[in-house]
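Presented below is the structure to which this report refers.
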Amino acid sequence: MEPSSLSGLPAGVGEALEAEGVAELYPPQQSAVEAGVLDGESLVAAVPTASGKTLIAELAMLSSIQRGGKALYIVPLRALASEKKTEFERWEDHGVTVGVSTGNYDSDGEWLASRDIIVATSEKVDSLIRNGAPWIDDLTCVVSDEVHLVDDSHRGPTLEVTLAKLRKVNPGLQTVALSATVGNADVIADWLDAELVESEWRPIELRTGVHFGNAINFDDGSQREVPVDRGEDQTAKLVGDALDTEEGGQGGSSLVFVNSRRNAESSARKLTDVTGARLTDGERDRLRDLADEIRGVSDTETSEDLADAVEKGSAFHHAGLASEHRSLVEDAFRDRLIKCISATPTLAAGVNTPARRVIVRDWRRYDGEFGGMKPLDVLEVHQMCGRAGRPGLDPYGEAVLLANDADTREELFERYLWAEAEPVRSKLAAEPALRTHVLATIASGFAATREGLLTFLDNTLYATQTDDEGRLAAVTDTVLEYLEVNGFVERERDGGAESLAATGIGHTVSRLYLDPMSAAEILDGLRTVADGADATPDAEGDAFVPADGADSDADEPGFTTYTRGDAAGTAGEDDGEESEGAAGSDSPAVTPLGLYHLVSRTPDTYELYLKSGDRETYTEVCYERETEFLGDVPSEYEEVRFEDWLAALKTARLLEDWANEVDEDRITERYGVGPGDIRGKVDTAEWLLRAAETLARDVEGIDGDVVVRVREARKRLEYGVREELLDLAGVRNVGRKRARRLYEAGIESRADLREADKAVVLGALRGRERTAERILENAGREDPSLDGVDPDSSASAAATAGADADGDGDGQASLGDFG
DNA sequence: TCATGTATGCTCTAGACAGCATGTC
DNA sequence: CTAGAGCATACATGA
């Protein structure tokens, strides 16, 4: 089947595909066409990675657009959204427009409405539905990439409910679901009323095997000798072997999957010997430049270690890296400059980074709930293996698991290489998932009664595959109770029928995309302040009441039971140098730390791990800063709750450090995190504080002063500065470091920037004329030109002494958002 | 006395979505 | 039945 022979596509698309080198559709693609993707037929394609799934989706979307429709492509990760957008933009020559919408990269709503293809994450789509994006009704085709992720207990339910909503809003919707090969693709097809295309076919042969002793044993019975002598490293030999085997004029790169960040880093360091010895002079030069670029991203140990390894052609990759780090590594690996990446599973699920040889070194990973090392899912291992084989470069890909003994070798064959991936199971019937989605479903008008709600939920995968009819209803009832008690939903029992409606706050919570439990926690914390002001422990009517015994789900962070009324400490007690409270105010001080802790203990924030010694450290902090916490501190004897509370305190301290201009490398050291983690925490906290601000404004009984405090705490996170720099840091091109230098030189505000002696400004900015001019201009100075101005050296000295003691030049602490 | 080798015990553990309003060097 | 790599420390050995 040739692309140009396909009908129903926009003019020239078939020919363009042939020009790209697609002479003939792959077998799964042909099956998809035969199943009717070009005619608006729904389809589930369960095929291996890199076997042309994207083209199936493109055929569906383009033909739908040709018929005057509009398509939505749902991805699981933000990074994939931009990757897909770039990919689809090649159709712009054929009159097809593309837009993206994710949390950190958003096109204007109206502009989006005019796009033919929109790429978005599942959460973003959910949010757009909740906020009533008008173009949702116009969709004629929706593609769900990596649909097997409905199995994920945290994010799967969102995808599931979102697809159900889209299909409900638009009954004629063509649904194309792309899945890895899983055990029960037929059930997914059944759920989506779709045709099923299932195939193991791959355009590049994949050879899988296990290495033990002196050879790789492949599953086809063949062997490849790779001797490992005593004391030699198995992984290193395999990486070296791939590099020494020329195919198409070049040795092959490898991807090593390990089970922890630390292992990824040490593996990369070790492999440095293997890769470093095989570089050309030209590569060495380019790698040195790349290493410098990596060092420039962030001034931390992680960054330095990565750069050191990259200089020798080896890299590590995990979520502790800043996102610039990650893309630099990924790009250089695709360019064949980096020869080997040692990675945690981030890479298996992320953007496209194929390698000649994939080495799955660790096949077990620590899991606290499991109580030890848990074997990886078959699906996960298959996803890793699927990264083997670079199209156009390798005649075949190799995926090798490592064994230390013959028994393990046999086990690995049976467990992974000969095994089918697990069936996908919906995780919808759990409280955390339903709490959010039941509220949103009611608030967005998809259901107005309990029965309506259950009918709607009948359209989910869960309903399709469960054999326990009552469970979904039971959890739904528990959740409804919770939502009612917390004032998010109103129930009216009217004889037999029961009507459901979201309250004003319920609507707000749904639109803010908050977990209702987070909202309850935040509201309760903020109300504590209002109570403290008049010290009257009344108003039980709107109190937060925990749903007793309802937190049976394992992934539940646990209810925080507040007994109210006991005003949180008397204000005025001086707690030392860190205090930033509203001194002199009558109400208890609302400090940044208190607010950071409030949002950090919310189920929307991922907990930091408490290391040994942390328990003592933060218990101490807990007593020292007692007056600042919003809501009660759990008793030290309630082990689990107190532990969670301390973990949140650790996060809160990290955020406070960031807002106190503590250097990035100090923070990574102090909390045992990577630069990417800081950005993640700060981002989440910013989002939650913004939500808290909205909630505080919308709800009665919360002091107006609190809103101001929340905003200030958020702004300080946003800029990473102390209070006195907020004004300066708001000026474009002024970040936390420049703001501090200007301040030390006596320029304390935007207004000062407009009037200050230019020589002082230039001195504070270390003589960078271009930068200084831009800043003056951005501050609104009439005449920003610095022609003929000499930097004031005393200002420069003051600035240097004040901040940035490491003197690394002019760098801002840059933490990872793309520009 | 110091450098190096080896036994032993302790520590620590993957990932990443959302809002809003525009731009760190 | 249910972890195991990495690292610090302590101690042994050898020149």
Side-chain angles (χ1 to χ4, degrees), chain A residues 75-79 81 101-106 108 120-128 130-131 149 152 154-155 158-159 257-267 269-270 296-297 317-320 323 343-350 361-362 364-368 370-376 380 404 436 511-515 518 604-606 609-614 672 676-677 679-681 683-684 686-694 714 718-720 729-739 765 768 770-771 774-775 778 809-819:
Chain A
V75 292
L77 296 169
R78 293 196 288 232
S101 181
T102 66
N104 64 351
Y105 182 72
D106 206 354
D108 170 69
T121 54
S122 37
E123 285 77 8
K124 188 63 188 193
V125 177
D126 187 16
S127 169
L128 288 164
R130 295 183 187 197
N131 288 287
L149 292 173
D152 181 279
H154 185 221
R155 299 182 52 205
T158 301
L159 178 56
F257 285 105
V258 299
N259 64 2
S260 73
R261 293 179 179 188
R262 195 167 61 173
N263 286 348
E265 296 186 11
S266 74
S267 165
R269 200 183 318 120
K270 277 191 269 184
V297 167
H317 189 287
H318 58 63
S323 50
T344 57
T346 5
L347 210 57
R361 196 192 79 177
D362 302 334
R364 283 183 288 214
R365 185 166 50 224
Y366 178 82
D367 181 336
F370 182 77
M373 299 302 274
K374 186 180 176 184
L376 300 184
E380 207 172 335
N404 300 317
T436 291
R511 273 187 276 110
L512 287 171
Y513 212 77
L514 282 180
D515 181 332
S518 298
D604 277 309
T605 301
Y606 194 80
Y609 190 90
L610 280 186
K611 300 180 199 238
S612 75
D614 280 356
D677 298 300
R679 181 34 75 188
K681 291 289 172 221
D683 245 12
T684 308
E686 268 184 63
W687 164 53
L688 287 168
L689 285 171
R690 194 179 287 271
E693 202 181 315
T694 308
R714 194 203 79 224
E718 190 179 336
Y719 300 130
V731 177
R732 205 168 139 181
N733 289 329
V734 179
R736 65 196 313 229
K737 297 213 164 170
R738 286 178 182 172
L765 296 169
R768 311 283 161 112
R770 283 277 302 147
T771 309
R774 269 210 309 274
I775 288 172
N778 294 333
D810 205 37
Q812 300 270 314
S814 57
L815 280 186
D817 19 14
F818 297 96

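By convention in this document, chain letters (A, B, ...) are assigned in the order of the sequence lines, proteins followed by strands, and residues within each chain are numbered from 1.
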For R361(A), what residues pass the side chain to side chain contact (heavy atoms under 4.5 Å, CB included) criterion, not counting sequence neighbours? T235(A), V256(A), V258(A), N263(A), S267(A), L402(A)
At under 4.0 Å between heavy atoms, what does [X] touch on the DNA or RNA strands: base, sugar-phosphate, or nothing?
| X | value |
| --- | --- |
| K374(A) | nothing |
| D362(A) | nothing |
| R364(A) | sugar-phosphate |

Testing the basics here: between G350(A) and L77(A), what is the closest heavy-atom pair and its distance to 0.1 Å? CA-CD1, 3.8 Å
Ignoring hydrogens, what is the shortest heavy-atom contact between T346(A) and H318(A)? Give both atom names and the distance. OG1-CA, 3.6 Å
Are the side chains of [Y] and [X] in contact, using a 4.5 Å heavy-atom criterion?
| X | Y | answer |
| --- | --- | --- |
| E380(A) | R365(A) | yes |
| L514(A) | W687(A) | yes |
| F257(A) | L347(A) | yes |
| T694(A) | R511(A) | no |

Rounded distance in Å - [atom1] ([X]) to [atom2] ([N]):
| X | N | atom1 | atom2 | answer |
| --- | --- | --- | --- | --- |
| R770(A) | dT24(B) | CZ | P | 16 Å |
| E380(A) | dA14(B) | CD | C1' | 8 Å |
| L765(A) | dT24(B) | CG | C1' | 13 Å |
| E265(A) | dA14(B) | CD | P | 11 Å |
| M373(A) | dC12(B) | CE | C1' | 11 Å |
| N259(A) | dA14(B) | CG | C1' | 9 Å |
| R714(A) | dC20(B) | CZ | C1' | 8 Å |
| N263(A) | dT11(B) | CG | C1' | 13 Å |

Between which nucleotides of DNA chain C, read 5' to 3', does contact with chain A run, using atoms under 4.0 Å from its heavy atoms? dA3(C) to dG6(C)
Distance-only, no hydrogens or angles: does the N259(A) side chain make a donor-acceptor pair with backbone N or O of R364(A) under 3.5 Å? yes
Say you pick atom C1' in dA16(B) and the same atom in dG4(C); how far apart are they, in whole Å? 27 Å
For nucleotides dC17(B) and dA3(C), find the distance between their C1' atoms and express it as a whole number of Å. 31 Å
In the strands shown, is dT22(B) matched to any nucleotide by a Watson-Crick or G-U wobble pair with both distances under 3.5 Å, and which? none
Name the residue closer to the 5' end of DNA chain B, choosing between Y719(A) and Y366(A) according to the nucleotide with the nearest heavy atom. Y366(A)
I'd like to know if the side chain of T158(A) pairs up with that of D126(A) as donor and acceptor (distance under 3.5 Å, no hydrogens or angles considered). no
For N131(A) and Y513(A), does a side-chain donor sit closer than 3.5 Å to a side-chain acceptor? no
Under the salt bridge (charged side-chain N to carboxylate O under 4.0 Å, His left out) test, which residues partner R78(A), sequence neighbours left out? none
Return the set of residues passing salt bridge (charged side-chain N to carboxylate O under 4.0 Å, His left out) with D677(A) (not counting sequence neighbours), or none when no residue passes. R261(A)
Protein-nucleic acid N or O pairs under 3.5 Å, nucleotides 15-18 of chain B:
residue: dG15(B); atom: OP1; partner: A319(A); partner atom: N; Å: 2.6
residue: dG15(B); atom: OP1; partner: T344(A); partner atom: OG1; Å: 3.1
residue: dG15(B); atom: OP2; partner: R261(A); partner atom: NE; Å: 2.9
residue: dG15(B); atom: OP2; partner: R261(A); partner atom: NH2; Å: 3.0
residue: dG15(B); atom: N7; partner: Y606(A); partner atom: OH; Å: 2.8
residue: dG15(B); atom: O6; partner: Y606(A); partner atom: OH; Å: 3.4
residue: dC17(B); atom: OP1; partner: R78(A); partner atom: N; Å: 3.1
residue: dC17(B); atom: OP2; partner: R78(A); partner atom: NH2; Å: 3.4
residue: dC17(B); atom: O4'; partner: R155(A); partner atom: NE; Å: 3.4
residue: dC17(B); atom: O4'; partner: R155(A); partner atom: NH2; Å: 3.3
residue: dC17(B); atom: O3'; partner: T121(A); partner atom: OG1; Å: 3.4
residue: dA18(B); atom: OP1; partner: G103(A); partner atom: N; Å: 2.8
residue: dA18(B); atom: OP1; partner: T121(A); partner atom: OG1; Å: 2.7
residue: dA18(B); atom: OP2; partner: R78(A); partner atom: NH1; Å: 2.8
residue: dA18(B); atom: OP2; partner: G103(A); partner atom: N; Å: 3.4

Read 5' to 3' with Watson-Crick or G-U pairs under 3.5 Å, [ ] for crossing pairs and | for partners on another strand, DNA chain C gives ..|||||||||||||
